[in-house]
Amino acid sequence: MLDKTYEPQNKEKLIYKKWEENHCFKPLSDSNKSINRENFTIIMPPPNITGQLHIGHALNNTTQDFLIRFKRMKGYNTLWIPGTDHASIATEVKIIESLKKEGLSKEKLGRDEFLKRAWEWNDKFGGRIKLQLKTLGCSCDWDRCAFTMDEKRQKSVLHVFKTLYDEGYIYRGEKLINWCPTCRTALSDAEVEHVDENSSLWYIRYPYADKSGYLVVATTRPETMFGDVCVAVNPNDKRYKDKIGKELILPIINKKIPIISDDYVEKDFGTGVVKITPAHDFNDFEVGKRHGFEPIKIMNLDGTMNDYCGKYANLDRYVCRKQLVEELKSLDLIEKIEPYNLPKATCYRCHNAVEPMMSKQWFMKMQDMANLGLEAIDKNELEIVPNRVQKIYRNWLVNIKDWCISRQLWWGHRIPAYYCKNCGNTMVEIHNPSVCDKCGSKDITQDPDVLDTWFSSALWPFSTLGYPDKTDDLKTFFPTSILVTAQDIIFFWVARMVMLSKKIMGKTPFSKVLINGIVRDDEGKKMSKSSNNGVDPIEIIEKYGADSLRLSLLFGNGTGNDFRFSEEKILEDRKFINKVFNSGKFLELVLSQTTEVKLDTTKLNIFDKWIYSKLFETIEEINKLIDNLDVCQAVNKMYSFVWDEFCNYYLEFSKPYVYSDDQNTRANACAILKDIYLNILKLLHPIIPFITEDIFSNFTNEMLINQSYASSIGYFKKETEDIEKIISLIQKIRETRLSYNVIPSKRITLVVNKNNASKDSLNIIDESRLVLSKMTNIEKVDVVENIDSENVKFVCELGEFYFYKNEVVDTEKEREKINKDIDKMNSEIKILESRILNPNFVARAPQQLVEKEKARYEYLLNSKKSLEEKLKNLK
RNA sequence: GGGAGAUUAGCGCAGUUGGUAGAGUACCUGCCUUACAAGCAGAGGGUCAUAGGUUCGAGUCCUAUAUCUCCCACCA
């Protein structure tokens, strides 16, 4: 028995448990049931263990679950692998914050203790994330759940690192890199965010060595002047042509530096003179290299100035800047200071300014990799939906630089590089070597650094399946089918997965990428941890149920478009779930009043054939839409089929039959109704899995999740067209009744003009008499040969119809109504005339369309004429 | 500075090869009709941001402009 109303809170947990206990999330191949089944695999973008999931994750995972459930019911051998990401820097930042509250620091704690804390953190938040995913209904295979830092994934990382090192793709070197003085680690280019900052442009006088005056240099970073190796001008700048080669005195530290020329310098910016500080600026580094200058480091790793800066040593760079500018002013070496906006490079985790610094780090050579990434797109191995994202992906790969993969952090994959203290030999090994393979010394230390967190995520499509071991999973499920993810990690993650999968596995890791839109709050702001406007899905689910949330996320939002989340929308959409439930209650009711029989599809009436046709159409369209990853439209189709066609029409059509006095008619009508309804549950299961499963269990002894997807017995063209006509007749009757103010409870007569309706039409009307009576409160249908034109007339595809004047009269109303109709017709006639009377249209538009428009035109003219006549006769 | 997207009914949105603008919600009218008032039936409401262009025909294609959003970026 279905409950009076559906209470998701009491049901969902139990249903999920039932699915898990029955191993419903397992691929068929686990139990050798997948003979000849196509595989369908999704790897879940592993959420960071830094916190908990918000609605954005819910959208992402609902989309994946929708696809997985759909494909599972379609008979695919489906696998959805869940997992979490250790999020090296992000988690470390969080742990350090929490240590601070205890008065601790990571240094005080020591590496081993710190890592212990990190694992505890993982247990806590990783566990919470899994709970959230289960609450949402995600049908992923938890036995295959992976963590980027677990033993198997560590093994994958070691193997890939060693492979790429041996092939020369991974190298160590001292280069200018992005350094976060707050997190005290190197960052990759992708981890640097640029924010606009109001700053200044300082014009500093650099005196000539020959005391012939000074040259004015414009800079945004006065404090880096200690590291200047030269000053550059554009070779074509007439102002400075004769100055090239002369020497300047670098103020404060009084060092001679030359004036050089380089095309990099823009004549029109500032004074056209640039100070060159190779150790602390990426452009300057290149210029310095071109002209053979050694970079001079002037900063410590914590962002303070180093000993090279004399009295400014150990001052924070910004404090130094302030004091230095004061000193320069006092020396009359500041020409002027202009306000200036510049993009400031900041750390994507702590949001503090990052510094370009010279540092010895590990890098991955990216040029070949990028070509692999581009090849995936060029050779159509990879399709990104929506298509525009492809450009973003391509653009990043075209401008790629080597990837700095080492981080001066503790929480992460420790780099498997070992250094011999005796001979300086470097070894990269999967297993900790006990002696140096060159000199035999036992004095060996492992590199203290860890890998960029995105290194392990880049291996996700094959590390989750068991690489480097040649597992069955890897054989069966790689490459995977679709990746569903957010736009902001295209570079961090998607591009790197493609490159490394192609490099290591020789294949693109997935053939399609579906990019979800960004979830915003009800004010339109992006939901994120930093804005603190994230909503916990569990909070919403406890209030409205997981199905409501899922439906709200998938319904009415263009796939890939941004999505504005609001509880009001959930309230609106939840009505649909209620509707589904109530139609189930109706089925239960009528079944209770009959003895159930097996469905006999040879005994379908015109209405049954119509609904089966509609079901057929709906499924066809859904298949096509999901193939194109147009989840939004697919859900729309389901929605309107269920609500409009099934609930609003078919249920009403079926009533005369399911309540029929004839036991056989009644039993078969119920069987058909049940069949359609169970198909609807199948249709909807991927969106709203819990309630559909619950209702299904009420009518069958099987589990819905395991059923094959909805199917229809076929498409009946004639009957479908007939019912469409009946529906428009019903609408016309209702509309006419209402416009004459005929109260709904009044039973009136429908009159058909025999001379103006085809025999076929009369048959259809006859067959639909019961339904018409039920749905429009028609007492009887009179078929007549002649009828007084004073009666109320209306026309639809089936022919001319009338209501008896004495049953509906209201002359004034009718006059009003006719005038209104004529107005409507006039405007349509005008539009049609503009086409039909246009020789160009007639000549160039498709013939079929021209004919159609002409016919419609004729029809309107006739209708209008008869209405005008009627208006004249109206007394 | 470069690039991408958005602009459609009061609101938040959909609109798949160009062919007379759509659903939800809100509002209005009438209904507690035996699945559902979280409902049913019906009505109103849009120069599809603006200006041009291509076309017989443009929300849809092209070119500008405006406003908003996002991404990328080393002009010191």
Side-chain angles (χ1 to χ4, degrees), chain A residues 2 5 194 201 217-221 224 232 264-266 268-277 281-287 340 342-343 345 356 386 388-389 391-392 395-396 399 487-488 490-491 517-518 520 522 524 526 555-558 560-564 566 568-569 571-590 621 624-625 628 630 632-633 636 639-640 643-644 647-648 651-652 655 659 730-731 734-735 737-739 741-745 774-777 827-828 831-832 834-835 838-846 849-850 852-853 856:
Chain A
L2 291 171
T5 53
H194 296 269
L201 195 55
V217 174
T219 180
T220 55
R221 308 243 11 215
T224 63
Y264 153 70
V265 181
E266 295 285 331
D268 303 326
F269 187 87
T271 57
V273 185
V274 187
K275 62 194 266 312
I276 302 297
T277 323
D281 183 283
F282 288 100
N283 292 308
D284 292 8
F285 182 83
E286 294 302 320
V287 177
Y340 186 68
L342 85 162
R388 63 188 139 84
V389 179
K391 279 185 219 159
I392 303 175
N395 188 48
W396 189 73
N399 297 306
Q487 201 173 130
D488 50 353
I490 297 270
F491 315 132
I518 295 166
R520 301 168 182 285
D522 47 11
K526 182 175 167 177
F555 179 62
N557 300 297
N561 288 355
D562 287 358
F563 167 64
R564 193 176 286 212
S566 71
E568 287 87 82
K569 185 168 189 308
L571 285 170
E572 288 169 17
D573 295 342
R574 167 175 86 143
K575 293 180 182 177
F576 178 71
I577 292 172
N578 192 246
K579 192 76 181 169
V580 173
F581 186 75
N582 278 314
S583 46
K585 300 248 337 166
F586 174 70
L587 174 63
E588 189 178 53
L589 178 79
V590 296
E621 283 173 41
K624 243 183 267 162
L625 289 164
N628 297 332
D630 197 343
C632 167
Q633 292 299 326
N636 277 342
Y639 188 100
S640 66
W643 199 312
D644 302 336
C647 290
N648 286 356
L651 281 189
E652 297 305 324
K655 278 178 184 171
Y659 289 136
I730 288 169
Q731 287 168 343
R734 285 171 169 169
E735 190 187 314
R737 282 186 67 124
L738 220 80
S739 68
N741 278 339
V742 182
I743 57 166
S745 56
K774 171 91 184 128
M775 295 179 76
T776 57
N777 215 6
S827 61
E828 200 181 336
I831 292 170
L832 288 173
S834 74
R835 295 187 181 176
N838 179 348
N840 280 327
F841 175 78
V842 178
R844 297 188 202 188
L849 185 76
V850 177
K852 199 179 131 202
E853 303 277 61
R856 174 83 186 151

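Because the structure is predicted, anything quoted here is derived from the model rather than measured. To find a chain, count down the sequence lines: A is the first, B the second, and so on, and within it residues start at 1.
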Where the side chain of [X] meets the backbone of [Y], is there a donor-acceptor pair that is under 3.5 Å apart?
X: D562(A); Y: G517(A); value: no
X: N557(A); Y: F563(A); value: no
X: D630(A); Y: L625(A); value: no

With a 4.0 Å cut-off on heavy atoms, is [X] in touch with a base, just the backbone sugar-phosphate, or nothing at all?
X: Q731(A); result: sugar-phosphate
X: G270(A); result: nothing
X: S583(A); result: base
X: R221(A); result: nothing
X: D284(A); result: nothing

Practice task
Determine the minimum heavy-atom distance between R221(A) and T224(A), stating which atoms define it.
Solution key: O-OG1, 2.8 Å

Exercise for the section: Classify the ring geometry between F576(A) and Y639(A) as parallel (under 30°), tilted (30 to 60°) or perpendicular (over 60°). Expected result: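 F576(A) vs Y639(A) ring planes: parallel.
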
Completion exercise
Under a 3.5 Å limit on both distances, the Watson-Crick or wobble mate of U60(B) is none

Starting from [atom2] on [N], measure out to [atom1] on [X] and report it in whole angstrom.
X: R835(A); N: U55(B); atom1: CZ; atom2: C1'; value: 13 Å
X: R388(A); N: C70(B); atom1: CZ; atom2: P; value: 14 Å
X: I743(A); N: C31(B); atom1: CD1; atom2: C1'; value: 10 Å
X: K275(A); N: C75(B); atom1: NZ; atom2: P; value: 16 Å

Practice task
Would you kindly compare V265(A) and E853(A) by the position of their nearest RNA chain B nucleotide and give the one closer to the 5′ end?
Solution key: E853(A)

Exercise for the section: Report yes if a donor N or O on one partner sits less than 3.5 Å from an acceptor N or O on the other, where the partners are the side chain of K585(A) and the base of C36(B); otherwise report no. Expected result: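 There is none.
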
Using the [atom1] atom as the point on both nucleotides, what is the distance between [M] and [N], in whole Å?
N: G12(B); M: U7(B); atom1: P; value: 12 Å
N: A64(B); M: U8(B); atom1: P; value: 22 Å
N: A21(B); M: U60(B); atom1: P; value: 13 Å
N: G45(B); M: G1(B); atom1: P; value: 45 Å

Exercise for the section: Kindly point out which of C13(B), A76(B), G19(B) is positioned nearest to the side chain of E266(A)? Expected result: A76(B)

